[in-house]
Each structure stands twice: as structure tokens, then as C-alpha cells.
Amino acid sequence: MLEKIKETTQFIQRQIAFQPEIGIILGTGLGGLVSEMEILHQIKYKDIPNFPVSTVEGHHGNLIFGKLANKKVVAMQGRFHYYEGYSMQEITLPVRVLKMLGINQLIVSNASGGMNPDFEVGDLMIINDHINLFGTNPLIGKNYEEFGPRFPDMSQAYDHNLIKIAVGLAKEMNIDIKQGVYAGVTGPTFETPAEYNYIRSIGADAVGMSTVPEVIVARHMNLTCFAISVITDSGVPGHIVEITHEEVQQIAAKSEPKMAELIKKLLMKM
Ligand code: HPA
């Protein structure tokens with residue numbers, strides 16, 4: 001794994017002389033932030049050695065280097081999910097590579113189902129903690145001390161200072177921003193009503209199929225993390241309706257402009 005990470009990093013560094021400071025992972029229907037970037041270089045995932053390829057509709061599959069809000073960023077337009085059949089190490093390899101390219105902060109976005117009755121479809125939720133329900137962990141296996149410790153602390157997985165800044169910015173922007181705990185599950189099935197109930201009862205406000213592996217690996221390497229979720233459907237008992245991936249994409253796309261604006265403003269303060 002270490003060799004692969006080094007090989008991929010060197011491949012990218014041979015193509016571009018640009019050191020990003022901040023990484024951004026763009027989730028389902030949220031790839032549009034890229035249109036706001038001053039793009040300096042773009043590589044397709046399929047052209048990057050050892051990179052998996054996104055197999056999911058709504059995930060583009062481009063690694064994009066450039067400037068956003070005057071910050072040097074690298075954006076992953078499309079991510080990898082455990083349900084696609086890749087290993088936990090494979091889906092998080094890009095995060096390792098971004099760190100080796102120079103980032104020290106990571107912004108993650110996703111779409112999720114909301115179980116908190118105060119949430120409405122289309123809301124933005126700043127993730128202030130997570131519950132790993134994948135039943136596995138990307139750090140299982142040999143630990144590479146050069147990346148981080150065997151037993152990483154997770155007491156502040158999502159940076160409190162960035163959360164505070166983002167909440168302040170959202171208020172200024174008149175966005176009714178929510179905050180909460182994100183439960184990460186494997187998918188690809190959406191939850192049954194009993195599962196939504198269960199996940200709510202253990203303390204989660206939203207549930208989705210990504211982010212947790214990426215943030216675990218990022219925190220292992222001591223990257224500062226900020227994550228935000230678009231609530232695309234309701235997992236509130238009594239309000240659960242049938243949901244499709246197309247609807248998740250549509251709702252995420254509708255909320256994307258306000259999320260993009262918030263991330264841009266946050267970048268200015270990072
Ligand atoms: N459950 C899991 N993942 C999701 C959901 C959901 O309800 N909505 C969007 N991604």
C-alpha cells in the first residue's frame with residue numbers, strides 16, 4: 001500500500017508543479033463547486049495509477065488542481081465507496097496521496113438521509129462527529145508510522161474551530177444551518193425504517209455511505225477536517241418515503257449552490 005501511495009504521488013508530481021494546501025472531496029451531485037475554481041490542471045482518475053475509478057452515477061472522476069477563494073486546492077470530483085467493491089484501503093488511497101502532495105486540511109461533502117426531526121430535505125448539516133457503522137476500519141492492517149499512530153485519537157475528528165467559523169458564515173448568509181452526527185454505513189441499500197430508527201437511537205442525525213473512512217484516514221495523518229452534508233431524504237419515523245439515487249442526486253444538486261458558497265467563504269477564512 002505504501003509503495004502504491006508513493007508511486008501515485010510521484011506520478012502526479014511529475015505532471016504538475018503545484019502544491020495544494022487544502023483538499024476537497026465532492027460527493028453525490030455536489031461536483032459543481034469545480035465550476036467556481038480557477039483550474040490549473042486536471043487529471044482523470046482512470047489515468048492515475050492505483051486510483052480506483054468511480055462507478056457511481058453523479059460522480060465524475062477527476063482530480064482537479066487550482067485556486068478557489070485564493071487558496072491552492074485539489075478537488076476530488078467524485079469519490080469512492082466501499083459498496084463499489086473496493087477495499088477500505090483502496091477507497092482511502094486518494095486521501096493519503098493528497099496528504100503526500102501537501103494538503104494539511106480536508107473538506108468533505110456528501111449526501112445523507114436525515115433522521116433528526118428538526119431537519120428538512122435540502123438542509124445543510126455540518127458534521128460535528130461520526131459513528132462508524134461500516135463494521136470495518138481503513139486502518140486495520142499494518143500501521144505505517146510515517147503516516148500516523150497505531151491508535152489514533154478521534155476526540156475531535158471534525159475541527160471545532162472550522163465548525164464555529166462555518167456556523168457564523170451560514171448565519172451571515174441566512175442559511176438555516178444544521179449540525180449533527182453522521183453515521184457511516186456500507187450501503188448500497190438505503191435503510192429500512194427499523195434501521196433508520198436504530199441509527200437514530202444510537203445518536204446519529206444523518207446517515208450516508210461515505211465520509212467516515214476518508215475522515216478516519218485523514219485524522220490518522222493529522223489533517224484538519226471539515227465535513228458538510230446535504231440532507232436529501234427523510235429517515236424520520238413516520239416521514240420515510242421511497243427514495244432513489246436519482247432523487248438523492250437531484251436534491252443534492254439543488255442545495256449545491258448554497259453549499260458551494262459556504263465552502264468558498266470558509267476557504268477564505270482557512
Ligand atoms: N441513507 C444512506 N445513504 C444516503 C441516504 C440515506 O437515506 N441518502 C443519501 N445517501
Side-chain angles (χ1 to χ4, degrees), residues 24-33 54-61 76-86 88 91-92 107-136 138 157-158 177-216 227-260 263:
I24 307 175
I25 303 178
L26 299 166
T28 307
L30 302 169
L33 188 67
S54 350
T55 63
V56 191
E57 199 70 30
H59 286 259
H60 298 264
M76 286 183 63
Q77 196 182 29
R79 62 143 62 80
F80 309 105
H81 305 82
Y82 190 53
Y83 63 72
E84 292 175 78
Y86 299 114
M88 281 298 229
I91 62 167
T92 53
I107 298 176
V108 184
S109 69
N110 64 46
S112 66
M115 286 98 54
N116 183 324
D118 296 337
F119 293 0
E120 278 170 37
V121 166
D123 274 351
L124 297 182
M125 181 189 93
I126 294 173
I127 299 176
N128 57 25
D129 207 345
H130 76 217
I131 301 175
N132 177 13
L133 293 179
F134 280 83
T136 181
Y158 301 86
I177 197 90
K178 304 294 200 298
Q179 253 191 76
V181 174
Y182 175 93
V185 295
T186 66
T189 43
F190 290 116
E191 286 64 37
T192 64
E195 286 166 343
Y196 281 122
N197 250 331
Y198 160 70
I199 299 167
R200 174 71 182 150
S201 76
I202 61 168
D205 298 285
V207 58
M209 307 174 196
S210 67
T211 303
V212 167
E214 295 150 357
V215 168
I216 289 173
I228 187 159
S229 192
V230 178
I231 305 296
T232 55
D233 53 279
S234 176
V236 177
H239 296 265
I240 300 166
V241 289
E242 222 180 284
I243 179 81
T244 64
H245 180 58
E246 287 66 36
E247 285 165 312
V248 167
Q249 280 177 272
Q250 279 164 15
I251 309 258
K254 242 166 87 184
S255 293
E256 133 103 311
K258 69 178 169 179
M259 197 198 71
I263 290 181

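Heavy atoms only: backbone and side chains are in, while hydrogens, waters and symmetry mates are out. As the structure lists them, so they are numbered: ligands from 1, and atoms in each ligand from 1.
- Val215 is not listed as a side-chain neighbour of Ile127, based on a closest heavy-atom distance of 4.5 Å or more.
- Summarising the geometry, atom CZ belonging to Phe190 is positioned 7.0 Å from atom OG1 belonging to Thr244; distances are rounded to the nearest 0.5 Å.
- For atom 2 (C) of ligand 1, the closest heavy atom belonging to the protein is Glu191 OE1, 3.2 Å.
- For atom 8 (N) of ligand 1, the closest non-hydrogen atom of the protein is Asp233 OD1, 2.7 Å.
- Looking at atom 5 (C) of ligand 1, its nearest protein heavy atom turns out to be Gly113 N, 3.4 Å.
- The protein non-hydrogen atom at the shortest distance from atom 10 (N) of ligand 1 is Ala111 O, 3.4 Å.
- Taking a 4.0 Å cut-off on heavy atoms, Gly187 fails to register as neighbouring ligand 1.
- Ranking protein heavy atoms by distance to atom 3 (N) of ligand 1, first place goes to Gly208 CA, 3.4 Å.
- In this structure, CG on Asp123 lies 3.5 Å from NZ on Lys178, to the nearest 0.5 angstrom.
- Inclusion of Val185 in the set of residues having an N or O under 3.5 Å from an N or O of ligand 1 is not warranted.
- Note: Ile91 CD1 to His81 NE2 = 8.5 Å, rounded to the nearest 0.5 Å.
- When every heavy atom of Ala183 is checked against every heavy atom of Ile199, the shortest pair comes out as CB-CG2, 3.5 Å.
- Ligand-side atoms of ligand 1 in range of Tyr196: 6 (C), 7 (O), range being under 4.0 angstrom from any heavy atom.
- Taking every heavy atom of Ser112 and a limit of under 4.0 angstrom, the matching atoms of ligand 1 come to 5 (C), 8 (N), 9 (C), 10 (N).
- In this comparison of Ile243, Thr232, Val207, Val230, the heavy atom closest to atom 9 (C) of ligand 1 sits on Thr232.
- In this structure, OG1 in Thr211 is found 12.0 Å from CG in Asn132, a value given to the nearest 0.5 Å.
- One N or O on the side chain of Glu256 and one on the backbone of Leu33 form a donor-acceptor pair closer than 3.5 Å.
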